[in-house]
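For reference, the structure discussed in these notes is given below.
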Amino acid sequence: MEIKIPCDDDGYVLLQCHLCGEYFKVRGSDINSDDFYQIWCPYCGLISDSYVTSEVIDVALKSATNTAMEEIYNVFKDFEKKTRNNKFINFKAGKKPKQIFIPPIQSKIDKLETCNYECCKNQAKIMPLSKYIGSYCPFCGGRYDEL
Ligand SMILES: [Zn+2]
Ligand SMILES: [Zn+2]
């Protein structure tokens with residue numbers, strides 16, 4: 001199962017640090033690039049084991065549930081077909097289960113501003129306040145003060 005995480009207009013993907021819970025964005029191409037095998041949280045300067053947002057996790061769980069329900073239903077349906085002419089077993093699969101509605105993943109939180117990390121010649125989008133007070137480069141983990 002694959003969940004597509006949409007990019008914003010500039011090609012950035014929304015990430016959430018699981019250590020501090022804050023959001024930031026890096027380019028989708030950087031996440032898939034071999035040059036950056038690790039991403040540091042620009043706020044706490046640590047490496048989170050996952051940067052998947054809670055929204056994406058929610059969508060993943062819901063689609064897993066939908067897939068599972070569909071599969072179970074298909075097994076029942078199959079059983080119904082196989083036992084159709086069997087006078088000892090009368091099995092009905094019943095109605096197809098309703099799929100859980102999955103809202104499209106937003107690349108929301110647009111109050112983030114692009115920060116230019118000279119150390120890695122790369123950009124990330126972070127909270128304006130952190131841009132002002134200083135942040136950590138998501139690509140090398142170095143302390144970075146733009147101002
Ligand atoms: Zn963090
Ligand atoms: Zn850097």
Side-chain angles (χ1 to χ4, degrees), residues 1-83 91-147:
M1 189 177 64
E2 225 177 57
I3 307 284
K4 286 219 159 47
I5 304 171
C7 300
D8 69 7
D9 294 343
D10 305 320
Y12 285 78
V13 172
L14 183 68
L15 302 176
Q16 182 181 28
C17 171
H18 285 209
L19 300 169
C20 64
E22 294 297 347
Y23 292 94
F24 64 101
K25 286 177 176 180
V26 297
R27 273 196 200 89
S29 51
D30 287 341
I31 295 174
N32 297 322
S33 157
D34 291 338
D35 297 346
F36 308 112
Y37 61 99
Q38 273 176 331
I39 299 279
W40 278 261
C41 169
Y43 309 114
C44 60
L46 299 170
I47 299 165
S48 176
D49 53 358
S50 170
Y51 288 103
V52 179
T53 63
S54 33
E55 193 190 9
V56 172
I57 292 171
D58 190 52
V59 167
L61 286 175
K62 279 179 181 160
S63 14
T65 307
N66 281 346
T67 310
M69 287 205 306
E70 179 107 24
E71 267 166 27
I72 291 168
Y73 177 76
N74 288 340
V75 169
F76 281 174
K77 202 73 195 159
D78 209 43
F79 192 63
E80 183 188 293
K81 250 183 238 160
K82 278 184 189 146
T83 57
F91 186 83
K92 283 267 174 287
K95 271 203 187 110
K96 209 176 158 118
K98 270 211 182 92
Q99 297 269 300
I100 306 170
F101 172 70
I102 302 170
I105 300 171
Q106 309 285 326
S107 57
K108 63 180 179 191
I109 312 194
D110 283 322
K111 58 180 187 285
L112 303 176
E113 277 181 20
T114 306
C115 186
N116 205 1
Y117 292 100
E118 272 302 323
C119 50
C120 293
K121 301 255 177 294
N122 212 338
Q123 293 87 37
K125 287 188 185 182
I126 61 169
M127 289 190 288
L129 178 69
S130 294
K131 210 175 148 180
Y132 183 70
I133 60 172
S135 60
Y136 297 91
C137 171
F139 312 104
C140 68
R143 180 79 191 161
Y144 194 78
D145 298 288
E146 196 175 68
L147 303 170

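Remember, it's 1-based here, ligands and their atoms both numbered in the order they're listed.
Angle SG(Cys137) to the Zn ion (ligand 2) to SG(Cys140), rounded to 10°: 110°. With the Zn ion (ligand 2) at the apex, Cys119 SG and Cys120 SG define an angle of roughly 130° (rounded to 10 degrees).
In this structure, a donor-acceptor pair under 3.5 Å is absent between the side chains of Thr114 and Tyr12.
Using modelled atom types, one side-chain atom of Asp8 and one backbone atom of Asp10 make a donor-acceptor pair closer than 3.5 Å. Counting only distance, with no hydrogens or angles, the side chain of Gln16 and the backbone of Gly21 share a donor-acceptor pair below 3.5 Å. A distance-only check finds a donor-acceptor pair linking the side chain of Tyr43 to the backbone of Tyr23 [under 3.5 Å].
Taking the side chain as every heavy atom from C-beta outward, Val26 and Asn122 never approach each other to under 4.5 Å. Considering only heavy atoms from C-beta on, Phe139 stays 4.5 Å or farther from Cys119 through its side chain.
Among protein atoms, those of element N, O or S found less than 2.8 Å away from the Zn ion (ligand 1) are Cys17 SG, Cys20 SG, Cys41 SG, Cys44 SG.
Note that the CD atom of Gln123 and the SG atom of Cys137 stand 10.5 Å from one another [nearest 0.5 Å].
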